[in-house]
Amino acid sequence: MNLDQNRTPLFDAVKYHVKRNAIPLQIPGHKHGYGLEEYREFVGENVLKMDLNETRGIDLIWDPISVIAEAEKLLADSLGAKHAYFLINGTTSGVQAMILSSCTPGDKIILPRNAHKSIFNGLILSGANPVYVQPEIDDYLGIVTGITADGLREAIDQNRDAKAVMAINPSYYGVASELARIVETAHRGCMPVLVDEAHGTHMGFHPHFPISAMAAGADMSAASLHKTGGSMTQSSALLVGSSKINPSYIKQVLNLTYSSSPSYILLCSLDVARKQLSVNGRQMLDRILAMVNRTREEINKIDGLFAPDKNYFEKSGKLSFDETKLLVSVQKLGLTGYEVEEILAKDYNILIELADMYNILAVISLGEKEEFLQSFVAALRDIADNAKRKEVKRIETIQFSPEVVMPPRDAFFSKKRSVPLEQCAGEIAGEMVMVYPPGIPLVSMGEIITADIIDYVKMLKAERCTIQGTIDPIVDNIMVLDR
């Protein structure tokens with residue numbers, strides 16, 4: 001379309017209303033912050049004046065006809081999509097909208113076993129039945145890499161009646177599967193491809209990164225602009241790349257979860273972030289890549305640390321890697337990633353994105369400063385110098401494929417009871433049990449819990465691994481269906 005990406009129609013409209021300073025005989029009740037003085041003094045009066053609601057001239061997110069509609073067209077043009085929709089309740093809402101728009105109750109959807117919980121929640125909302133594809137694992141790093149086109153083809157051959165394929169691009173760790181081949185494989189099976197691109201908004205703005213969902217020919221994707229694109233937390237976008245997708249139906253689906261009181265502070269941040277990426281993204285990402293790769297080189301000079309680059313992941317020809325994800329293996333220090341994360345926070349005032357049994361992950365993005373990374377390297381060097389180099393126990397990663405006896409939606413709405421972990425064999429899981437690493441659910445709602453799964457969970461607990469998804473935070477008990 002070649003639209004003028006220097007424009008910010010929504011932000012301009014909101015700025016006009018802030019400057020106008022109209023008498024606010026309407027909600028929100030804080031009235032430009034005068035009813036919330038302590039907060040106003042801290043964040044500033046402009047933020048509170050931007051907190052508008054259904055004000056004449058700033059458009060409505062659920063039925064945009066003016067400035068929001070213009071801003072969404074600019075976003076679609078910027079990201080190579082046919083249509084774009086602003087989201088103010090995170091990429092979670094976009095993922096769920098993709099599933100709801102593709103599947104009806106009882107339909108099958110093919111997806112990676114290491115899917116984010118928003119995808120599992122989308123299964124509950126839609127009533128769709130999952131067909132899992134097991135991702136591959138990097139044994140040394142102990143992390144999930146991704147599914148392959150061959151693995152997907154096998155799942156399609158066995159489930160010709162599936163309605164859609166879900167893919168992840170990239171993973172939390174920055175590893176991307178062969179997305180173009182995955183899209184091609186799914187389309188040959190006449191299935192649309194939905195992409196959870198929560199960690200990849202920036203990838204379409206620089207050739208060094210893995211291919212974006214829209215460039216790969218995906219039918220829809222959900223992108224967290226707030227994670228890597230510069231907008232505020234909770235602001236994201238749903239993208240449509242195929243003429244086969246009905247935009248009117250997408251709007252209907254989105255309106256199921258849209259708030260009737262959206263935050264224009266978040267919406268404006270999407271408008272400005274899109275402009276920045278479109279106009280200056282290439283130069284900003286050039287700078288970021290240079291910084292992170294210098295940092296990676298410095299880390300790899302420290303005895304006991306290993307920070308993989310693109311070459312490490314791309315040697316198989318089936319994977320690519322987003323190098324703004326600074327993944328560091330710490331296992332040779334004799335420390336777990338959890339321990340290093342704690343040391344960094346308590347002793348060096350450094351907060352990282354993620355830790356697992358063997359690694360830590362720092363996300364390097366648009367607002368990065370050289371001094372941040374220098375402090376990070378210095379801290380790692382100090383930690384390495386003082387490490388006792390005790391052996392970190394390696395836990396063999398096992399990919400479980402429990403029997404699915406009930407759709408996640410049915411399991412969610414079934415009556416449940418809490419059962420001690422040791423007594424769960426043969427029960428139907430009423431919640432998901434998932435561990436990092438590698439991020440694959442050991443068992444999900446509606447699946448049979450086996451004795452092998454119980455033994456594995458107990459071993460993980462003994463090693464103080466992080467287990468997610470259970471109501472009981474220490475996983476002494478699991479919710480199962482009350483049969």
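- A distance-only check finds a donor-acceptor pair linking the side chain of Arg274 to the backbone of Gln5 [under 3.5 Å].
- The shortest distance between side-chain heavy atoms of Pro170 and Phe321 does not fall below 4.5 Å.
- Judged by distance alone, the side chain of Asn477 and the main-chain N or O of Ser418 form no donor-acceptor pair under 3.5 Å.
- Glu342 CD: 12 or fewer foreign heavy atoms inside a 6.0 Å radius.
- Put simply, the side chain of Ser177 gets close to the backbone of Ile147: a donor and an acceptor are under 3.5 Å apart.
- For Tyr312, the OH atom is densely surrounded, since the number of other residues' heavy atoms within 6.0 Å is greater than 12.
- Around CE of Met232, the count of heavy atoms belonging to other residues, nucleotides or ligands within 6.0 Å does not exceed 12.
- A donor-acceptor pair is defined here as one N or O able to donate and one able to accept, closer than 3.5 Å; no such pair exists between the side chain of Asn89 and the backbone of Tyr258.
- With sequence neighbours excluded, the residues satisfying side chain to side chain donor-acceptor pair (under 3.5 Å) with Thr91 are Ser224, Ser236.
- In this structure, the side chains of Val133 and Pro112 stay at 4.5 Å or more apart for every pair of heavy atoms.
- Residues His206 and Phe209 place their aromatic rings such that the two centres sit under 6.0 Å apart.
- In this structure, the salt bridge (charged side-chain N to carboxylate O under 4.0 Å, His left out) partners of Asp322, at least two apart in sequence or on a different chain, are Lys325.
- A distance-only check finds a donor-acceptor pair linking the side chain of Glu368 to the backbone of Ser365 [under 3.5 Å].
- Contacts classified as ring-ring contact (aromatic ring centres under 6.0 Å, His included) and involving residues 76-97 (residues at least two apart or in different chains) are not found.
- Across Glu427 and Gln423, no two heavy atoms sit closer than the pair CG-O, 4.2 Å.
- Contact of the His116 side chain with the Tyr172 side chain is not registered, since no non-hydrogen atoms from C-beta on lie closer than 4.5 Å.
- We find that Glu353 and Lys227 are not joined by a salt bridge, their nearest charged nitrogen and carboxylate oxygen being 4.0 Å or further apart.
- Judged by distance alone, with hydrogens and angles left aside, the side-chain atoms of Tyr338 form a donor-acceptor pair with the main-chain N or O of Thr466 at under 3.5 Å.
- One N or O on the side chain of Arg296 and one on the backbone of Pro308 form a donor-acceptor pair closer than 3.5 Å.
- The 12-atom threshold is exceeded at OH of Tyr140, counting heavy atoms of other residues, nucleotides or ligands nearer than 6.0 Å.
- Within the 3.5 Å criterion, the main-chain N or O of Ala128 finds no donor-acceptor partner in the side chain of Arg409.
- Side-chain atoms of Asp138 come within 3.5 Å of backbone N or O of Leu141 as a donor-acceptor pair.
- Of the possible polar contacts, one joining the Ser269 side chain to the Leu266 backbone as a donor-acceptor pair under 3.5 Å is found.
- Atom NZ of Lys117 has 12 or fewer neighbouring heavy atoms from other residues, nucleotides or ligands inside a 6.0 Å radius.
- By the 6.0 Å contact criterion, NZ on Lys416 is enclosed, its count of non-hydrogen atoms from other residues, nucleotides or ligands being greater than 12.
- Within a 6.0 Å radius of CG in Leu256, more than 12 heavy atoms belonging to other residues, nucleotides or ligands are found.
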